[in-house]
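Throughout, numbering of the chain's residues begins at 1 and tracks the sequence.
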Amino acid sequence: QLEINIALNIMRDICLGLVQAHKLNPPLVHRDVKPHNILLEITGNKIEAKVSDFGVAKHLDPVTRVTEAAGTIAFMPPEVISNYENTASDIYSAGIILYMMLTGVFPFIIPKDYQTTTEEDIENLIKLTRTDSPKPPSNYNQDIPKELDKIALKALNPDINHRYQDAEEFMKAIENYENAPLTAFMAGADMILLCDQPSEIEKNFEEFKNEYYKQKISEDRLKQSFE
């Protein structure tokens, strides 16, 4: 389990590594996004992540928009059993990594000693573990805000159409979350500066200012009387 800001920094780097592939025409799907394919470079207090091993990556067919299933079972999205993948499939796998970094646990319970020797075994395991959304990350880490819960769970939505559709959209959601406090502060400042009617704060300030100047004038006049 990592600190939230570190987990988000790593996830942003992962998204950056996928953005260019997803922007190609047709898009390139990595299809094996997992911790073993994320390289971490640590320099002082800075951690930089890079996506590696595009060995099973494949361009989406521009007509059918599908690829053949590939990748590591634990990080496979549910749609692979239908032989349908797109850029949102990479987001699902990345979402699993984000969930693990935030909570220290895998989002799905995989039965011990489950056999995955045949294609049918793999399909059954995916159906068993990927039909529903996992529990919110905050169930395992109380420091996680609800807004971050929403981001993680959207990335892990079993319905491919309800996920972030590519790495850029996922990355923007993370950046918007990180910038939310500053945005709220600036919005509040704009409200005060741009409002047509004086706010309660402005009224109180005006009253304070008027009272101050009245008192200042009285003090000046008192001083003048002794000169």
* Structure fact -> What one should report as the nearest heavy-atom pair of Ile14 and Val51 is O-CG2, 3.5 Å
* Asked: So do Pro35 and Ile97 actually touch side chain to side chain, heavy atoms under 4.5 Å?
  -> yes
* Give, for atom OG of Ser89 and atom NE2 of His30, the distance between the pair rounded to the nearest 0.5 Å. => 13.0 Å
* Can you find a heavy atom in the side chain of Glu85 that is under 4.5 Å from one in the side chain of Val80? -> yes
* Structure fact -> Here the pair of heavy atoms bringing Ser133 nearest to Asn157 is OG-CA, 4.3 Å
* Hey, quick one: are Ile144 and Met100 part of the same hydrophobic cluster, counting side-chain heavy atoms closer than 4.5 Å, chains of contacts allowed? -> yes
* Neighbour count above 12 (heavy atom, 6.0 Å) for Lys135 NZ -> no
* To do: Please identify each residue that fulfils side chain to side chain donor-acceptor pair (under 3.5 Å) with Thr118, with sequence neighbours left out.
  => Asp121
* Closest approach of Asp13 to Ile47 (non-hydrogen atoms, all atoms of both residues) -> OD2-O, 3.8 Å
* same_hphob_cluster(Met101, Leu153) at 4.5 Å side-chain heavy-atom cutoff -> no
* To do: Sequence neighbours left out, what passes ring-ring contact (aromatic ring centres under 6.0 Å, His included) with Tyr92? Give chain and number order.
  => none
* To do: Run the salt-bridge test on Glu178 and Arg12 with the 4.0 Å N-O cut-off and return the result as yes or no.
  => yes
* Any luck finding a side-chain donor-acceptor pair between Ser138 and Asp149 under 3.5 Å? -> yes
* Asked: Where is the tightest heavy-atom contact between Leu40 and Ala49, given as atom of each residue plus distance?
  -> CD2-CB, 3.6 Å
* Any chance CD of Glu3 has more than 12 other-residue heavy atoms, nucleotides or ligands included, within less than 6.0 Å? -> no
* Do Ile38 and Ile42 belong together in a cluster built from hydrophobic side chains that touch within less than 4.5 Å? -> yes
* What closest approach, in Å, do Leu8 and Tyr177 show between heavy atoms, and which atom pair accounts for it? -> CD1-CE2, 3.6 Å
* Asked: Do Leu28 and Leu16 share a hydrophobic cluster, counting only Ile, Leu, Val, Met, Phe, Trp and Tyr and linking them when any side-chain heavy atoms are less than 4.5 Å apart?
  -> no
* Would Glu79 and Arg130 pass as an ion pair if we require N to O under 4.0 Å? -> no
* Taking the side chain as every heavy atom from C-beta outward, state whether Pro134 and Leu156 have any pair of such atoms under 4.5 Å apart. => yes
* Electrostatic pair Glu169:Lys172 at N-O distance under 4.0 angstrom -> no
* Asked: Which of parallel (below 30°), tilted (30 to 60°) and perpendicular (above 60°) describes Phe75 and Phe106?
  -> perpendicular
* **Student check: side-chain heavy atoms of Lys50 and Glu41 closer than 4.5 Å** => yes
* **Ala94 to Phe170 - nearest heavy-atom pair and separation** => CB-CE2, 4.2 Å
* To do: Output the distance between atom CG (Leu98) and atom CE (Met11), rounded to the nearest 0.5 Å.
  => 4.5 Å
* **Flag side-chain contact, heavy atom, 4.5 Å: Gln1 against Leu102** => no
* **Joint cluster assignment, Leu18 & Leu39, ILVMFWY side-chain distance < 4.5 Å** => no
